[in-house]
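In this text the structure is predicted, and so the values were computed from the model without any measurement. Here is the naming used below: chain letters follow the sequence lines, and residue numbers restart at 1 for every chain.
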Amino acid sequence: MHKENIDGIFDQFLENTLIFSNKEVLRHSYTPDYLPHRKEQIENIASIVAPALKRETPSNILIFGKPGTGKTACVKFVGKELNEVASRKDVPCAFLYLNCEMVDTQYRVLANLVNHFGREVPMAGWPTDKVYVEFRECIEERAQAVIIVLDEIDKLVKRGGDDLLYNLSRMNADLQSAKLSIIGISNDLKFTSYLDSRTLSSLGREEIVFSPYDAEQLKDILKERAKIAFKKGVLSDGVIPLCAAFAAQEHGDARKALDLLRVSGELAEREKKGKIMEEHVKRGKEKIEIDGTMEVVKTLPAQSKIILYSVLLLNRSKKDGSSAGDVYSMYKKLCDVVGLDDLSYRRVADLISELDTLGLINAVLMSRGRYGRTREISLAVPSKTVEKAITGDERMRVLMNVSSKQHTL
DNA sequence: AATCCACAGGAAGCCCGGGAAC
DNA sequence: GTTCCCGGGCTTCCTGTGGATT
């Protein structure tokens, strides 16, 4: 009897998929078999990488493009094909993918690579050069052609991993039989300015740019996925164009378009509607924005939460943006209220920059002439959402009692 | 033209914890 | 245990700077 009950609970969710037939297709982890409007780039990458199959060294590649322009998907696609051909023809060839957002230091990248070949290297503890030696032995041993994909390579470089790139790009010279080449993927066009010129000339032998999708192209992408993702006839006509139009506004980000389509579907499903309407897309857009900021703010470290709350309070009492100095003195007061030690100005300045890159605040460098140079800081997301997310944290609850009037400067 | 504000942001170094090796 | 190495968070000290005011 109990069992029946439990089954019943899940049946409710499993059977009621009026909308989706395969939701996975709409997630970004999914690599599709067909990438509309990227034929040129795929062929380009493939032609550069192809020498690996003839036991020659492929040139290194740098790939640039805004988020959601299909860089990762294309590279992974080529990699998959390459691995297939290589194993069919019995050519020793390895195509390794690493995301430098997670694996963001020289040591960790190397350790990851070596572990990939089945040798054990601890994730900490060894001197770096020892890991280098290990890596070289790995690939020499099998006389492999190794293609390393470093996704979000700009993150690695900004955190001081440029040594790694230098060393890797130079390594080819003293390899006996193995071949090594690197594909770097970056969102940031200017990241090359952080690189040593020798590294750059080797790494950027080939450059490929992925331009943002326009609304028409996004429509094609969405249509392609929608075929697999949804049951027949659940999409009303305006849905895909609307998703595409919203995403086109946001720099042609295909991921956002897919997210929007998925969330719209989920909304429709939750309401037990058999059809996704344009209205679902509009609400879906709001939901994504709010959920996104909630999540980001909630996971912020305590110090950053206090800084963000300072910006919020200052924004409420002033019309224009506040200076970094204002934020800091407010921050110190709030630290006192919460009962946390305050950090140095220098440190807070860095945390402010982080909040800026997260898109939670806008920090614009302004020169006020005689009155100095400072960043004018304002909130970039709805203050209600931020307030809700921060005061949801037990430790921050006392901040609810602080009104902006009490603490104007 | 010189001054000078209110910071920006680089460099160096400290301290800690995680982990390996001896 | 002691002694290494790595990397993150943080502080201290520092030099650099756009432009309104003098």
Side-chain angles (χ1 to χ4, degrees), chain A residues 98-115 118-138 150 152-168 188 190-196 299-308 310-311 314-315 318 320-336 338-358 360-378 395 408-409:
Chain A
L98 276 182
N99 189 316
C100 304
E101 169 112 64
M102 339 287 292
V103 190
D104 59 356
T105 66
Q106 164 159 234
Y107 184 95
R108 292 215 261 266
V109 169
L110 283 169
N112 249 282
L113 292 174
V114 176
N115 283 335
R119 289 212 202 178
E120 298 272 316
V121 170
M123 293 314 285
W126 281 17
T128 306
D129 44 351
K130 191 172 170 184
V131 190
Y132 260 106
V133 172
E134 197 78 6
F135 174 64
R136 266 187 49 184
E137 281 175 7
C138 271
L150 298 173
E152 309 203 40
I153 196 173
D154 44 330
K155 300 258 164 58
L156 178 70
V157 173
K158 279 173 193 159
R159 289 174 210 170
D162 44 344
D163 292 356
L164 173 78
L165 297 179
Y166 178 70
N167 290 329
L168 283 183
D188 182 358
K190 292 179 299 177
F191 101 97
T192 51
S193 59
Y194 298 100
L195 283 179
D196 174 293
T299 51
L300 243 34
Q303 297 287 359
S304 298
K305 281 184 183 164
I306 298 177
I307 296 170
L308 189 58
S310 311
V311 176
L314 289 168
N315 259 222
K318 287 186 186 181
D320 46 349
S322 331
S323 72
D326 290 349
V327 172
Y328 186 62
S329 37
M330 176 65 86
Y331 156 83
K332 278 186 128 175
K333 285 184 192 173
L334 295 188
C335 277
D336 200 36
V338 178
L340 243 76
D341 292 343
D342 49 1
L343 302 175
S344 68
Y345 180 80
R346 187 65 188 82
R347 180 63 188 144
V348 170
D350 278 344
L351 293 177
I352 288 174
S353 302
E354 278 175 29
L355 292 176
D356 187 26
T357 39
L358 283 173
L360 295 173
I361 60 174
N362 290 317
V364 187
L365 192 55
M366 292 273 291
S367 189
R368 294 182 290 186
R370 195 66 203 239
Y371 306 105
R373 228 160 61 106
T374 183
R375 284 179 292 178
E376 290 225 316
I377 298 162
S378 55
R395 298 166 296 173
T408 37
L409 301 164

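Atom-to-atom distance recorded for A:Ile361:CD1 and A:Leu355:CG is 4.5 Å, nearest 0.5 angstrom. Distance check: A:Leu360 CG to A:Leu308 CG gives 5.5 Å after rounding to the nearest 0.5 Å. To the nearest 0.5 angstrom, A:Glu376 atom CD is 9.5 Å from A:Asp326 atom CG.
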* Structure fact -> Quick tally for nucleotides 7-13 of chain C: nucleotides whose base has a protein heavy atom under 4.0 Å get B, sugar-phosphate-only ones S, the rest -, giving SSSSSB-
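When the side-chain nitrogen and oxygen atoms of A:Lys130 are compared with OP1 and OP2 of C:dC5, none of them lie within a distance under 4.0 Å. At least one side-chain nitrogen or oxygen of A:Ser323 sits closer than 4.0 Å to the OP1 or OP2 atom of B:dC7. A:Trp126 has a side-chain polar atom (N or O) that falls below the 4.0 Å cut-off from OP1 or OP2 of B:dA21.
A:Asp336 has no carboxylate O lying under 4.0 Å from a charged side-chain N of A:Lys332, or vice versa, which leaves the two without a salt bridge.
At a cut-off of 3.5 angstrom, counting only N and O atoms as typed in the model, there is a donor on one side and an acceptor on the other between the side-chain of A:Ser367 and the base of C:dG18.
The shortest side-chain heavy-atom distance between A:Asp104 and A:Glu152 does not fall under the 4.5 Å cut-off.
With rounding to whole Å, A:Arg373 atom CZ is found 9 Å from B:dA6 atom C1'. As a whole-Å value, the separation of A:Arg368 CZ from B:dC7 C1' is 9 Å. Atom OH in A:Tyr132 sits about 12 Å away from atom P in C:dC6, given to the nearest Å. One interatomic measurement links the two molecules: CG of A:Leu365 to P of B:dG9, which rounds to 6 Å at whole-angstrom precision.
Looking at A:Tyr166 and A:Gln106, their side chains never bring a donor and an acceptor atom within 3.5 Å of each other.
Using a 4.0 Å heavy-atom distance criterion, A:Ser353 is classed as making no nucleic acid contact.
Comparing A:Arg375 and A:Arg370, the nucleotide of DNA chain B nearest to each residue sits closer to the 5' end for A:Arg370.
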